[in-house]
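For the numbers below, each heavy atom of this structure counts, side chains included, while hydrogens, waters and symmetry mates do not. Quick caveat, the model's predicted, so the values are computed rather than measured. Throughout, numbering of the chain's residues begins at 1 and tracks the sequence. Start at 1 and go down the list; that is how both ligands and their atoms are numbered.
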Amino acid sequence: MKTVTLTMPLDMHLHLRDGEMLETVAPLTSYSFSGALVMPNLVPPVTTKEMVSGYKERILHATGADDFEPYMTLFYQNYSRAFLEEIKDDIIAIKLYPSGVTTNSEGGVASFDIESMRETLEAMSDLGIVLSVHGETNGFVMDREAEFMSVYEMLASNFPRLKIVMEHITTRDAVEMLDKYDNLYATITVHHLMITLDDVAGGLLRPHLFCKPIAKRPNDREALLKVALEAHPKVMFGSDSAPHPKHAKESCGCGAGVFTAPIALQLLCEIFDAHGKLDNLQAFVSDNAQRIYGICAEYKEVTLSKREFHVPDIYGSVVPMKAGETLKWSIERVD
Ligand code: DOR
Ligand code: ZN
């Protein structure tokens, strides 16, 4: 049977929520990943040292694991240099949301006025804190990411020592930006490697595939696949696994988010195997992230094999992507 062993897989973009939802989803990631970059879009958002340390403790408690590191983030606001110096050892990135573009982003940045952001972004550059960005405008939904490229250019050129991660990219435009600026990097989700807008809304509406940024065109997915499969040194895996309760997804006013945490590695094996690129998966799910973020992940070996895995209909209150379907790969062992 075909098998692959991944060492220290990392999910560099993850939503864990809090409370009961955290208890349900955190163990599903800590089982098969060595660490994850935890998004700060709680209600209210994570903006203080106490909130970061309290949230980290609750995550560690919920995982019950001693071989999993939650890499913490702050919700972007204009922070003072003194505050950033004080918090720099507790976080590895600050996540910037334009105001109102996605779930719990209301407190995000309303206008990209470089001068008002300068103190924060310069301090982040000096202290080696990564800027992680949800790159969408509030324009027409299919164009939002492409329209945001000028903001990335402005940030990357004004702050050349700041590492900027274009999160969950979905377009060829974003892929093309990667090689234009040394300090731009990207995460890619597993669902955006698999689906296009047609899968979400081309037939019956599929709420569990609805997320922000929305899946785009076949041409965009091809561009994402190319850089993921070659494990382009500036791209990393970030699932953007974002749990919402079933009743909130299967409702009028469905929240954005695809829940992939428990099936992400199995799906990645299937995709990389189908393209004869399994050898590049290690770099995509771990090595690139460790190098880009300068982190040394907790030791863990995850062995997967080409054996069918039946995806449960539900985890707690959350319906996963591929619910009730059979995947080609499964996790055999975690050492
Ligand atoms: O689909 C999404 N869900 N995109 C985001 O940016 C946020 C996330 C969430 O928190 O549910
Ligand atoms: Zn996200």
Side-chain angles (χ1 to χ4, degrees), residues 10-19 21-22 24-26 28-29 33 36-46 55 59 70-76 92-109 130-138 141-142 144-145 148 165-171 174 185-197 199-201 205-216 236-251 253-261 264 289 315-321:
L10 294 169
D11 180 348
M12 297 312 287
H13 185 126
L14 178 66
H15 297 271
L16 287 173
R17 316 301 190 206
D18 214 338
M21 183 64 92
L22 171 64
T24 302
V25 301
L28 299 171
T29 289
F33 287 89
L37 188 75
V38 180
M39 292 299 122
N41 62 332
L42 302 183
V43 185
V46 179
Y55 190 29
I59 294 167
Y71 297 105
M72 303 307 291
T73 64
L74 271 181
F75 190 93
Y76 186 95
I92 66 168
I94 298 182
K95 174 71 186 287
L96 187 157
Y97 289 93
S99 174
V101 297
T102 189
T103 309
N104 304 340
S105 64
E106 290 69 25
V109 171
V130 168
L131 180 69
S132 149
V133 182
H134 183 113
E136 289 195 283
T137 66
N138 56 9
V141 69
M142 288 295 277
R144 287 176 190 176
E145 184 172 290
F148 198 83
V165 179
M166 302 187 282
E167 297 292 343
H168 42 54
I169 58 172
T170 59
T171 56
Y185 304 84
T187 56
I188 300 180
T189 74
V190 69
H191 51 284
H192 289 121
L193 293 175
M194 301 183 74
I195 64 171
T196 67
L197 182 61
D199 298 287
V200 186
L205 186 67
R206 304 276 301 278
H208 298 291
L209 297 181
F210 171 65
C211 65
K212 297 285 176 67
I214 195 134
K216 304 292 188 313
M236 322 166 254
F237 174 61
S239 70
D240 199 16
S241 178
H244 293 259
K246 182 177 193 305
H247 68 81
K249 292 292 286 179
E250 297 177 4
S251 77
C254 159
V258 180
F259 182 58
T260 53
Y315 291 87
S317 63
V318 191
V319 177
M321 185 181 174

* Can you check side-chain contact (heavy atoms from CB on, under 4.5 Å) on Val46 and Thr73, steps first, answer last? -> CA-CA 8 Å; Val46 179; Thr73 64; over 6 Å; no
The Zn ion (ligand 2) -> Asp240, closest N, O or S atom is OD1
Here the N/O/S atom of His15 closest to the Zn ion (ligand 2) would be NE2
- Indicate whether any N or O donor in one side chain lies under 3.5 Å from an N or O acceptor in the other, for Thr171 and Lys216. no
Atoms of ligand 1 close to [X] [distance to a heavy atom under 4.0 angstrom, numbered from 1]:
X	value
His244	11 (O)
Cys211	1 (O)
His134	6 (O)
Asp240	4 (N)
Ala242	3 (N), 8 (C), 9 (C), 11 (O)

Provide, to 0.1 Å, the distance between [atom] and the closest protein heavy atom, together with that atom's residue and name.
atom	value
atom 3 (N) of ligand 1	Ala256 O, 2.9 Å
atom 4 (N) of ligand 1	Lys212 O, 2.8 Å
atom 7 (C) of ligand 1	Thr102 OG1, 3.3 Å

Original post:
Considering distance alone, does some N or O of Tyr97 sit under 3.5 Å from an N or O of ligand 1?
Top reply: no
Discussion item. Gly257 versus ligand 1: do any nitrogen or oxygen atoms come within less than 3.5 Å of each other?
Written reply: yes
- Message: Do Met321 and His208 have side chains that approach each other closer than 4.5 Å (heavy atoms only, starting at C-beta)?
- Response: no
*Would you indicate whether the side-chain heavy atoms of Met39 and His15 approach each other to under 4.5 Å?*
yes
With heavy atoms and a 4.0 Å threshold, my read on which part of Asn104 contacts ligand 1 is neither
Logged contact type for Asn41 with ligand 1, heavy-atom cut-off 4.0 Å, is side chain
- Message: Tell me whether the Zn ion (ligand 2) has His168 as a neighbour, meaning an N, O or S atom of it below 2.8 Å.
- Response: no
Exercise for review: Mark the output for Glu167 as yes if a heavy-atom distance to ligand 1 is under 4.0 Å, and as no if none is.
Suggested key: no
Give a yes or no answer on whether the side chain of [X] reaches the backbone of [Y] with a donor-acceptor pair at less than 3.5 Å.
X	Y	value
Ser241	Ala261	yes
Ser105	Gly100	yes
Lys95	Val133	no
Lys249	Gly257	yes

Of His168, Met39, Arg17, the one whose closest heavy atom lies nearest atom 9 (C) of ligand 1 is Arg17
Within a radius of less than 6.0 Å around CG of Asn138, do more than 12 heavy atoms belonging to other residues, nucleotides or ligands occur? no
When every non-hydrogen atom of Val109 is compared with those of Leu96, the smallest separation belongs to CG2-CG, 3.9 Å
| request: In sequence, state the C-alpha distance, the side-chain angles, and the governing distance for Asp11 and Phe237, and then conclude on side-chain contact (heavy atoms from CB on, under 4.5 Å). | output: CA-CA 6 Å; Asp11 180 348; Phe237 174 61; 4.2 Å; yes
